[in-house]
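So you know, we letter chains A, B, ... as the sequences are listed, proteins then strands, and number each from 1.
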Number of protein chains: 2
Amino acid sequence: MASLKDVAQRAGVSVKTVSNVVNGYAYVASGTREKVELALAELDYRPNLSARNLRRGRTGVIALAVPELDAPYFAELARSVIKAAAERGWMVLIDQTDGVAARERELLQGVREQSVDGLIFSPVAIGRDDLAARTDATPLVLLGERVLDGPTDHIAVDNQSAAREMTAHLAGLGHTRIGAIGAQHRPGMGTARLRLAGYREGLAAAGLPYDEELVAPTPAYRRADGAEAMRRLLALPEPPRAVFCFNDLLALGALRTVLSQGLRVPEDVAVAGFDDIEDGRYSTPTLTTVSPDKDRVAKTAVELLDTRIDAGRRAGRGAAACREIEAPYRLLVRESTVGRAG
Amino acid sequence: MASLKDVAQRAGVSVKTVSNVVNGYAYVASGTREKVELALAELDYRPNLSARNLRRGRTGVIALAVPELDAPYFAELARSVIKAAAERGWMVLIDQTDGVAARERELLQGVREQSVDGLIFSPVAIGRDDLAARTDATPLVLLGERVLDGPTDHIAVDNQSAAREMTAHLAGLGHTRIGAIGAQHRPGMGTARLRLAGYREGLAAAGLPYDEELVAPTPAYRRADGAEAMRRLLALPEPPRAVFCFNDLLALGALRTVLSQGLRVPEDVAVAGFDDIEDGRYSTPTLTTVSPDKDRVAKTAVELLDTRIDAGRRAGRGAAACREIEAPYRLLVRESTVGRAG
DNA sequence: GTGAAAGCGCTAACAG
DNA sequence: CTGTTAGCGCTTTCAC
């Protein structure tokens, strides 16, 4: 593998000149440039990134940390993040936390500090205090969880208002017994808390009582959890006629339970989700859901990180103010709440 | 950020000694070791990975290149690969090719050479010649595509025999008009070719004629493509009563089309897929499919890469023989071909 | 057992 | 415009 020195020797110039050409420095005599470019090509020169990184103090890599890549929401998000990062010349390293608090904490404490220039992180198990106790100085952008007063950039949809709107949609269809699937008892999980709060607001706005019996907590957010929770709700003496699931996977699991019991959706039970994953656009019936603008979230996250990395490089430290950005969302009404007609 | 030198100064020893301690070198006097460990802790020392990488000539990172991360099969695979890699102390960088030949070729030509120690690659658009023309020496493991005589490690299920078995399953149910969705005209895509070959073998074994009319090519392998292809098949004068889709996403799309035309699955049309993605376990009806052992594929891929990287480090070059490994698969018969009873 | 010193390949002052 | 040179932080002979 040819080094700068080899190329310099071959072209009969100094290392610096080769470096200048490689890095597109403007003031190089065109004759010299040609010579160098020839040598570069002949030797098939490729810069040693470890050396460059060592010298420049950067890595060209950002990390994306999510609970699990095989949850469609995160897969879709990761796709967009990788794309947005590539457009800015970054490579993306993926970390999976499995929603385990210890692993999430490790990230905050800098396991990746030496390997990446920045971190985009979608936490589920940690809280505000963990964030405050952070020692690592790597630029960080949080996704999805609104950590108030947090000293951190973050971007998310307004979970609470989206949940409220969805509940209002169900109430608007005439439903009076509206269940919820996906409440979480464990700490952290701000998202679940916000969606639950929105659900309660939506009920209140429609003049409906909040009935704890209709709220099914789940251990996680996978299809199996939704299926199981729905079984519990259907076993009630007076089951709900509509359910708002806190994500689409739960909703798809719930859907499966309802249908496999010989009931119809939405005629017997209406089902709504959250995330707008592609599955829900092809399920039968198609799934009513909240659609966050994932491309926007991803793009903004990368931009925020870019800005912050730049700031860190420029100023000494802690310069740029933290930005909290709200991503847009839409309510997508599909068959699972209004049937074929709608 | 503290460097080895800082730690050495503080502990009153040489840089070498600190390095010895950090790297777990055995012959260090216990008193010295304690002093050093104290200094290490006090300064919160963390090795600079760029420097270490430069010196050691490795990065601790492997790349996983897939067409798109939001296709559930690849998301599930990526999850397993990242997990297996983490167990061996590797970080994983993800590249998305979108199935674009130029991007796939770039990878083969070493865009990531300087950034990773090895590459696990699931190609769709390139062929044997591209592989042969490879200049980059980075250890490589191919996934899913059987490139005969290729000078490359690879791991895959036996696509052809799996496809044959699935077709036999459909024929065994008494179907005589069995369609196929997902044939590909473009070069590369060995997987599609193999599955198509298996389908033909399955028909032949059942004494059924091969009818080109029943084979629907698709531009890609997403739900929308399956839905569209199914519409074409259903529009035939004599539509198939069973279809084998070359992956689960196509099958889910096809399912949607069939159901939305008021037909029943499997009574009117039986539908089978390939990949065993989680969606198919919760769709209504649940999806009959070929289930490759993805964990096994991922784990083996990482092992193969590990071995090859080691070999490259040890021997000068081209030492270890190439290994072609066949991953196990199972036929999962579910509702979409045999109904509730099965 | 430990230290001194060279050098991985690159960039960036600083000269000229 | 181009060359010389000093490190970035680490590992690793080679002495002692």
Side-chain angles (χ1 to χ4, degrees), chain A residues 1-40 43-61 89 110 113-117 137 312-314, chain B residues 1-40 43-61 110 113-117 137-138 312-314:
Chain A
M1 182 100 282
S3 75
L4 270 192
K5 206 166 129 193
D6 301 328
V7 178
Q9 213 147 27
R10 173 149 199 133
V13 299
S14 80
V15 181
K16 172 66 161 71
T17 303
V18 181
S19 173
N20 281 342
V21 172
V22 170
N23 293 293
Y25 181 64
Y27 304 105
V28 178
S30 59
T32 316
R33 159 162 282 129
E34 270 172 35
K35 267 196 306 190
V36 172
E37 273 166 353
L38 184 66
L40 245 20
L43 295 173
D44 188 26
Y45 171 78
R46 309 196 203 171
N48 178 316
L49 290 188
S50 292
R52 179 177 280 177
N53 292 342
L54 172 58
R55 188 59 236 225
R56 298 222 256 232
R58 34 157 286 144
T59 66
V61 177
E113 186 174 19
Q114 296 291 330
S115 307
V116 304
D117 295 336
R313 199 155 302 290
R314 205 150 296 171
Chain B
M1 182 102 278
S3 75
L4 271 191
K5 204 166 131 193
D6 300 328
V7 178
Q9 212 150 27
R10 172 151 200 134
V13 299
S14 79
V15 177
K16 170 69 160 71
T17 304
V18 181
S19 173
N20 282 343
V21 172
V22 169
N23 292 296
Y25 181 63
Y27 304 104
V28 178
S30 61
T32 316
R33 160 162 279 129
E34 269 172 36
K35 268 194 307 188
V36 171
E37 273 167 353
L38 184 66
L40 245 20
L43 294 173
D44 188 26
Y45 171 78
R46 308 193 204 173
N48 177 316
L49 290 188
S50 292
R52 179 176 282 177
N53 292 342
L54 172 58
R55 190 58 236 230
R56 299 223 255 233
R58 35 157 285 141
T59 65
V61 178
E113 185 174 20
Q114 296 291 329
S115 307
V116 305
D117 295 336
T138 311
R313 200 154 302 290
R314 205 150 298 171

Report task. Can you tell me the distance, in whole Å, between the CG atom of B:Leu54 and the P atom of D:dT11? Result -> 11 Å

Find every protein N or O atom lying less than 3.5 Å from an N or O atom of nucleotides 2-6 of chain D, and list the pairs.
from  : atom 1 : to      : atom 2 : distance (Å)
D:dT2 : OP1    : A:Thr32 : OG1    : 2.2
D:dT2 : OP2    : A:Ala29 : N      : 2.8
D:dG3 : OP2    : A:Ser14 : N      : 2.8
D:dG3 : OP2    : A:Ser14 : OG     : 3.1
D:dG3 : OP2    : A:Thr17 : OG1    : 2.5

Query - Closest contact, heavy atoms only, A:Pro47 versus A:Arg52 - result: CB-NH2, 3.6 Å

Report task. Can you tell me the distance, in whole Å, between the CG atom of B:Leu4 and the C1' atom of D:dG7? Result -> 16 Å

**Report entry** Least distance between heavy atoms, B:Val15 atom then B:Ala8 atom
**Finding:** N-CB, 3.7 Å

**Report entry** Euclidean distance, B:Leu49 CG relative to B:Arg56 CZ, rounded to 0.5 Å
**Finding:** 9.0 Å

Query - Nearest non-hydrogen partners of B:Ser115 and B:Val61, listed with the distance - result: O-CB, 3.9 Å

Query raised in the report: Out of curiosity, A:Arg10 CZ to A:Leu38 CG, how far, rounded to the nearest 0.5 Å?
Result: 7.5 Å

Query raised in the report: To the nearest 10 degrees, how far apart in direction are the end axes of the helix from C:dG1-D:dC16 to C:dG16-D:dC1, each fit to five base pairs?
Result: 40°

Query raised in the report: Base, sugar-phosphate alone, or nothing: which one does B:Asn23 contact when heavy atoms must sit under 4.0 Å apart?
Result: sugar-phosphate

Query - Nearest non-hydrogen partners of A:Val13 and A:Lys35, listed with the distance - result: CG1-NZ, 4.1 Å

Query - Shortest non-hydrogen separation from B:Thr59 to B:Asp117 and the atoms involved - result: N-OD1, 2.8 Å

Requested in this report: Calculate the interatomic distance between B:Gln9 atom CD and D:dC10 atom P; express it in whole Å.
Outcome: 14 Å

Report task. Apply salt bridge (charged side-chain N to carboxylate O under 4.0 Å, His left out) to B:Arg46 and list each qualifying residue two or more places apart in sequence or on a separate chain. Result -> A:Glu113, B:Asp44

Report task. Rounded to the nearest 0.5 Å, what's the gap from CG on B:Leu4 to CG on B:Leu43? Could you check? Result -> 11.0 Å

**Report entry** First-last contacting nucleotides on DNA chain C - partner chain B, under 4.0 angstrom, heavy atom
**Finding:** C:dG1 to C:dG9

Query raised in the report: How close or far is atom C1' of D:dG9 from atom CZ of A:Arg52, stated in whole angstroms?
Result: 19 Å

Report summary line: Sorted by chain and residue number, the salt bridge (charged side-chain N to carboxylate O under 4.0 Å, His left out) partners of A:Arg55 (sequence neighbours excluded) come out as none

Could you pull out every donor-acceptor pair under 3.5 Å between side chains of residues 20-32 of chain B and any protein atom, sequence neighbours left out?
from    : atom 1 : to      : atom 2 : distance (Å)
B:Asn20 : OD1    : B:Lys16 : NZ     : 3.0
B:Asn23 : ND2    : B:Ser19 : O      : 2.9
B:Asn23 : ND2    : B:Ser19 : OG     : 3.3

